[in-house]
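The structure appears right after this line, and notes come after that.
Model, not experiment: these values are computed from the prediction. Both counts, for ligands and for their atoms, begin at 1 and track the order of listing. Nothing fancy with the numbering, it's 1 onward along the sequence.
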Amino acid sequence: MGQMTEKLSAAIGAFFPGLKEVGSYVGGEIVPGAGEEIAVADPATGEMLMGYPDGGDAVVARAAEAAIAGQREWAALTHAARGRTMQAIARALRDRIEDLAVLEAVSAGKPIRDCRVEATKVAEMFEYYAGWADKVHGEVIPVPTTHFNYTRREPLGVVLQITPWNAPIFTCGWQIAPAIAMGNAVLLKPSELTPLTSMAVAALAEQAGLPRGVVNVLCGYGHTTGQAAIGNPAVKKVVFVGSPATGSKIAAAAAKRVTPCVLELGGKSANIVFEDADLERACIGAQAAIFAGAGQSCVSGSRLLVQRSVYDRFVEMVAAGARRLRTGDPLDPATEVGPINNAAQYRHVLGMIESGIGEGVEIVTGSSGRPAERGYFVEPTVLKNVSNDMAVAREEIFGPVVAAIPFDTEEEAIAIANDSPFGLAGAVWTGNVGRAHRVAAQVKAGTFWINSYKVINVASPFGGYDSSGYGRSSGIEALHEYTQVKSVWVETAAQPAAAFGYAPGVGA
Ligand code: NAD
């Protein structure tokens with residue numbers, strides 16, 4: 001029990017000196033789990049990275065109590081005081097970007113250059129929502145009676161956030177910051193594969209002045225620890241980021257107590273390139289869309305729709321770029337593409353490539369579906385002659401594999417883009433401004449780019465259509481997700497009771 005490599009021990013030791021065994025972070029303390037051992041492999045080698053016990057029911061119950069107490073203390077502060085604390089958290093995070101980035105790179109297998117950017121974005125998230133802490137307020141509504149009617153935006157209380165392994169620190173900041181800005185406390189259940197940077201953020205936040213218990217990190221499996229948290233009566237909302245299959249299970253479990261959910265699920269986004277586009281720029285965009293994060297991104301441009309007149313040329317340009325990308329050790333600053341995060345996902349990505357081969361796709365460059373000698377690496381892969389009914393075009397691969405599909409007309413491009421159960425993101429590359437806006441208006445997607453790809457910011461709302469989920473994260477929309485509205489009625493011209501013709505206190 002409780003093993004971890006020396007490399008990991010040093011990285012986590014920067015936040016929890018001398019930590020021997022991973023446990024949940026509850027009320028400011030590490031609380032050991034009581035469940036079965038969770039074994040996590042190092043994505044770069046496939047060898048053991050760490051093992052720790054699943055949290056379990058008792059840890060969840062203790063965290064819920066800590067969160068209730070923490071939320072009471074936090075919500076009793078003025079809104080401005082909460083904003084100041086969040087600014088202090090942002091500064092604490094900025095001071096530790098390198099340590100956070102190293103921990104993320106070692107534990108999640110992401111290239112260190114990407115981890116630095118993502119850790120910096122987490123600091124930005126706290127800065128952004130710190131500014132909102134005292135600026136979200138209710139309204140006065142001119143009702144047609146003698147009443148003064150106003151609304152209050154109140155915190156929900158304790159919210160549960162369940163996050164995946166592909167961008168652990170980014171997703172943690174993305175959900176925690178708006179939740180606490182609105183006076184809530186959080187139970188965060190990160191992926192059992194990548195809990196460490198979330199624990200580090202929680203500890204840094206407390207060092208910066210956040211009361212203990214406002215952010216608690218539950219380390220364990222989803223079907224045990226996650227489900228126990230969904231069933232805990234303290235939890236007033238579940239915000240889930242992950243796969244559609246799990247999202248559906250979570251919404252069903254939450255429905256038993258009529259607990260509302262936000263679901264941020266997967267995607268199969270169409271990146272549409274017209275013949276009149278600046279093809280050089282579109283090529284750089286198409287590569288970033290699918291190869292950044294080794295394609296383990298919910299918004300990755302995994303379907304590359306290219307107008308037939310430039311299809312061969314453009315696909316070759318993307319393949320040439322893919323061949324130049326440097327795949328390797330996440331801690332090497334030159335690495336551009338890291339490994340797949342875990343063995344199950346690795347098998348899935350390789351299996352999808354094999355299924356494409358079985359359906360007759362051409363591999364222009366990259367993996368032929370054979371495993372690497374060491375670690376979970378998949379070379380950046382470009383698949384050609386794909387049709388939209390093949391599995392590689394319909395299912396989320398979640399790896400550095402792009403399926404290039406030809407089209408002839410604007411109508412056909414839109415039809416192919418929309419012929420998917422998902423609706424998370426998409427893009428169009430064209431020199432025709434009218435076409436750009438027509439396509440943006442017609443593709444079903446919560447986020448859409450014109451002559452760009454993958455830019456997201458905490459200030460702008462994010463979420464899915466259809467099987468990509470519901471509810472919104474980031475922007476002002478997230479503040480609404482983390483508050484509930486109360487309508488207060490004050491009688492301003494009370495009549496004598498007799499004027500009503502019924503006894504006071506009865507009727508409406
Ligand atoms: P996953 O659904 O397997 O797991 C996500 C989280 O859910 C983990 O914390 C896991 O422990 C937990 N979980 C699993 N089963 C559970 C259960 N029965 N009850 C409660 N919790 C449970 O997803 P993943 O493989 O970790 O991540 C990849 C998926 O996440 C992809 O589909 C990707 O597109 C999606 N994703 C979406 C967004 C978005 O914002 N839309 C962002 C990142 C990733």
Closest protein heavy atom to atom 12 (C) of ligand 1, given as residue, atom name and distance to 0.1 Å
Ile162 CG2, 3.6 Å
Closest to atom 19 (N) of ligand 1 among Gln227, Gln296, Glu396, Lys268 (heavy-atom distance):
Gln227
If we count only N and O atoms by modelled type, under 3.5 Å, do the side chains of Asp389 and Ser387 hold a donor and an acceptor together?
yes
Tell me, please, whether Phe15 has Arg96 positioned over its six-membered ring: NZ or CZ under 6.0 Å from the ring centre and within 45 degrees of its axis?
yes
Going by the atom numbers of ligand 1, which of them fall below 4.0 Å from some non-hydrogen atom of Phe462?
40 (O)
For Lys189, atoms of ligand 1 separated by under 4.0 Å from a heavy atom:
8 (C), 9 (O), 10 (C), 11 (O)
Using 4.0 Å as the upper bound for N to carboxylate O, is an ion pair formed by Glu481 and Arg472?
no
Considering heavy atoms of the protein only, find what lies nearest to atom 22 (C) of ligand 1 and give residue, atom and distance to 0.1 Å.
Gly222 CA, 3.2 Å
Step by step, work out the side-chain contact (heavy atoms from CB on, under 4.5 Å) result for Ser24 and Tyr52.
CA-CA 10 Å; Ser24 297; Tyr52 67 96; over 6 Å; no
Enumerate the atoms of ligand 1 whose separation from the nearest heavy atom of Pro190 is less than 4.0 angstrom.
9 (O)
Heavy-atom protein contact below 4.0 Å for atom 4 (O) of ligand 1
no
Given Ala229, Gly242, Ala228, Ser243, which has its nearest heavy atom closest to atom 2 (O) of ligand 1?
Ser243
Where is the nearest protein heavy atom to atom 8 (C) of ligand 1: which residue, which atom, and how far?
Thr163 O, 3.3 Å
Provide the number and element of each atom of ligand 1 under 4.0 Å from a heavy atom of Val241.
5 (C), 37 (C), 38 (C), 39 (C), 40 (O), 42 (C), 43 (C)
Using a plain distance cutoff, I'd like to know if Asn166 has any nitrogen or oxygen under 3.5 Å from a nitrogen or oxygen of ligand 1.
no
Pick from Val439, Ile272, Asn451: which one makes a side chain to side chain contact (heavy atoms under 4.5 Å, CB included) with Trp429?
Asn451
Relative to atom 37 (C) of ligand 1, which among Ile230, Thr246, Leu265 owns the nearest non-hydrogen atom?
Leu265
Quiz question: by atom type and distance under 3.5 Å, do the side chains of Tyr376 and Gln345 form a donor-acceptor pair?
no
Which heavy atom of the protein is the closest neighbour of atom 25 (O) of ligand 1, given with residue, atom name and distance?
Trp165 NE1, 2.9 Å
Keeping Arg303 on the side-chain end and Gly426 on the backbone end, is there a donor-acceptor pair under 3.5 Å?
no
Does any N or O of ligand 1 fall below 3.5 Å from an N or O anywhere on Lys249, backbone included?
no
Quick one about Glu264 and Tyr470 (side-chain donor to acceptor, distance below 3.5 Å, no hydrogens or angles considered), yes or no?
no
To atom 39 (C) of ligand 1, the nearest of Gly463, Cys298, Ala167 on a heavy-atom basis is Cys298
Got a second to check how far Asp57's CG is from Thr224's OG1, nearest 0.5 Å?
8.0 Å
Looking only at heavy atoms, which two atoms of Pro168 and Ala108 are closest? And how far apart?
CG-CB, 4.2 Å
Ion pair Glu379/Arg370, N-O distance below 4.0 Å:
no
Compute the minimum heavy-atom distance from Ser191 to ligand 1 and say whether it is under 4.0 Å.
yes
Taking 4.0 Å as the limit for heavy-atom contacts, which would you say applies to Trp174 with ligand 1: side chain only, backbone only, both, or neither?
side chain
For Ser243 and Thr246 the tightest heavy-atom approach is OG-OG1, 3.0 Å
Going by heavy-atom distance to atom 33 (C) of ligand 1, choose the closest among Phe422, Tyr221, Phe398.
Phe398
Numbering as shown, the atoms of ligand 1 that approach Gly266 to under 4.0 Å (heavy-atom distance):
32 (O), 34 (O)
Please report which non-hydrogen protein atom sits nearest to atom 27 (O) of ligand 1, along with the residue it belongs to and the distance in Å to one decimal place.
Pro164 CB, 3.2 Å
Heavy-atom contacts under 4.0 Å between Ala253 and ligand 1: side chain, backbone, both, or neither?
neither
Using a strict 4.0 Å cut-off to heavy atoms of Glu192, name the atoms of ligand 1 that fall inside it.
10 (C), 11 (O)
Worked check of side-chain contact (heavy atoms from CB on, under 4.5 Å) between Asn166 and Phe398
CA-CA 9 Å; Asn166 64 315; Phe398 223 55; 3.5 Å; yes
